[in-house]
Amino acid sequence: MAHRTGVRAPSRLAAAFFDRDAALVAPDLLGALISTGTGEQRATARIVEVEAYRGADDPGSHAFRGRTPRNAAMFGPPGTLYVYFVYGMHFCANVVCGPAGTPHAVLLRAAEPRSGVDVMRTRRRSARRDHDLLRGPGNLAAALGIDRDLDGARPGRRWSIGDDGSPAPEVRVTTRIGLAAGRGDDLELRFVVVGSPAVSRSRAG
DNA sequence: CGGCCGATCCACT
DNA sequence: GTGGATCGGCCGA
């Protein structure tokens, strides 16, 4: 008999879940659980902020100018992880959406820690409170130990996203963060869970 | 709370 | 050579 953990065992999301336009997958990912690592390194968090990047026609997407070595993972099958390095020090994690060859992706921007808080703290020394651990895409990747090793990884032992059966959270939609003018910065493709402490107040919408 | 700035690497032009 | 799907510290209000 399994002992109580306070966290319902997450069921892995089916590949079909991701085989859609990123703008449709993104809001459905809110409230889902992402897990990384095994054993002592295991960590799980509830996704509360995401952005949709809609492939070759989206000027804000890394795939806008076609396939390159860096964005190759975006062209993989739905559910593939796309990890990139920015500003000389941060990694950001995306889940690839749509059929293979259509480079849609959902950027994971913030999450609430559910288990493995100790490992996350060792990876995020500067985080003051628990809800700061995975606030922001660079911090989320750092807390979960996501780096270039996981670029292109399929869901499995090293990482996975699942549903815990909770009711769908209330969602708010805003424009995307950090894009230069003219790069689709006016599109409402950012989705946040209303009231989550892991979404900063000024950016709650 | 909001704005500004430096840090630090690398993919692409 | 340039600038980025960022972060955290520091400043002034």
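Just so you know, these numbers come straight off a predicted model, no measurement behind them. Labels below follow one simple rule: chain letters A, B, ... track the order of the sequence lines, proteins then strands, and each chain is numbered from 1.
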Item checked: A:R121 bridged to A:D130 by N-O distance under 4.0 Å -> yes
Next item on the list: Go through C:dG8, C:dA5, B:dA7 for me and flag the one nearest to the A:N139 side chain.
Entry: C:dG8
Notebook entry, point to check: Any salt bridge between A:E51 and A:R176, counting N to O under 4.0 Å?
Noted result: no
Notebook entry, point to check: How many Å lie between NE2 on A:H90 and P on C:dT6, as a whole number?
Noted result: 9 Å
Item checked: hbond_proxy A:Y87 side chain to B:dA7 base (donor-acceptor, 3.5 Å cutoff) -> no
Check: Counting side-chain heavy atoms from C-beta on, which of C:dG8, C:dA5, C:dG4 comes nearest to A:L179?
Finding: C:dA5
Notebook entry, point to check: Does the side chain of A:E188 come under 3.5 Å of the side chain of A:T174 through a donor N or O and an acceptor N or O?
Noted result: no
Check: A:R128 side chain N/O closer than 4.0 Å to the phosphate oxygens (OP1, OP2) of C:dG8?
Finding: no
Notebook entry, point to check: How close or far is atom P of C:dG3 from atom NE2 of A:H62, stated in whole angstroms?
Noted result: 16 Å
Next item on the list: Using a heavy-atom cut-off of under 4.0 Å over every strand shown, decide if A:N94 touches base, sugar-phosphate, or nothing.
Entry: base
Next item on the list: Please find out if less than 6.0 Å separates the ring center of A:Y84 from that of A:H62.
Entry: yes
Notebook entry, point to check: How long is the line joining CG of A:L108 and P of C:dA5, in whole Å?
Noted result: 16 Å
Note to self: With the criterion set at under 5.5 Å between ring centres and under 30 degrees between planes, would C:dA5 be stacked on A:Y53?
What the structure shows: yes
Next item on the list: Quick one: label A:G178 by what it contacts on the DNA or RNA (base, sugar-phosphate, nothing), any heavy atom closer than 4.0 Å.
Entry: sugar-phosphate
Check: A:R176 near the nucleic acid: base, sugar-phosphate alone, or nothing, with a heavy-atom cut-off under 4.0 Å?
Finding: nothing
Margin query: Rounding to an integer number of Å, can you tell me how far A:D185 CG sits from C:dG4 P?
Written below: 12 Å
Note to self: On the nucleotide B:dC1, are OP1 or OP2 found under 4.0 Å from the side-chain N or O atoms that A:S202 carries?
What the structure shows: no
Checklist line | Distance below 4.0 Å between A:N71 side-chain N/O and B:dA11 OP1 or OP2 | finding: no
Next item on the list: Could you check A:T80 against A:R154 for side-chain hydrogen bond (donor to acceptor under 3.5 Å, both in side chains), going step by step and ending with a plain yes or no?
Entry: CA-CA 5 Å; A:T80 300; A:R154 307 279 310 137; 2.9 Å; yes
Notebook entry, point to check: With respect to the side chain of A:F85, which nucleotide from B:dA7, C:dA5, B:dC9 is positioned closest?
Noted result: B:dC9
Check: With a 4.0 Å cut-off on heavy atoms, is A:R109 in touch with a base, just the backbone sugar-phosphate, or nothing at all?
Finding: sugar-phosphate
Margin query: Could you tell me how far apart A:R148 (CZ) and B:dA11 (P) are, to the nearest whole angstrom?
Written below: 7 Å
Next item on the list: Let me know which of A:R190, A:R172, A:R135 forms a side-chain hydrogen bond (donor to acceptor under 3.5 Å, both in side chains) with A:E49.
Entry: A:R190
Note to self: Tell me the interatomic distance from A:R183, atom CZ, to C:dT6, atom C1', rounded to whole angstroms.
What the structure shows: 16 Å
Next item on the list: Please give the nucleotide sitting opposite B:dC4 as a Watson-Crick or G-U wobble pair, both distances under 3.5 Å, or none.
Entry: C:dG9
Item checked: Between B:dC9 (C1') and A:D151 (CG): distance, integer Å -> 16 Å
Notebook entry, point to check: In whole angstroms, how far is the P atom of B:dC9 from the CZ atom of A:R70?
Noted result: 17 Å
Note to self: Nearest to the A:R65 side chain among C:dC7, B:dT13, B:dT8, which nucleotide is it?
What the structure shows: B:dT13
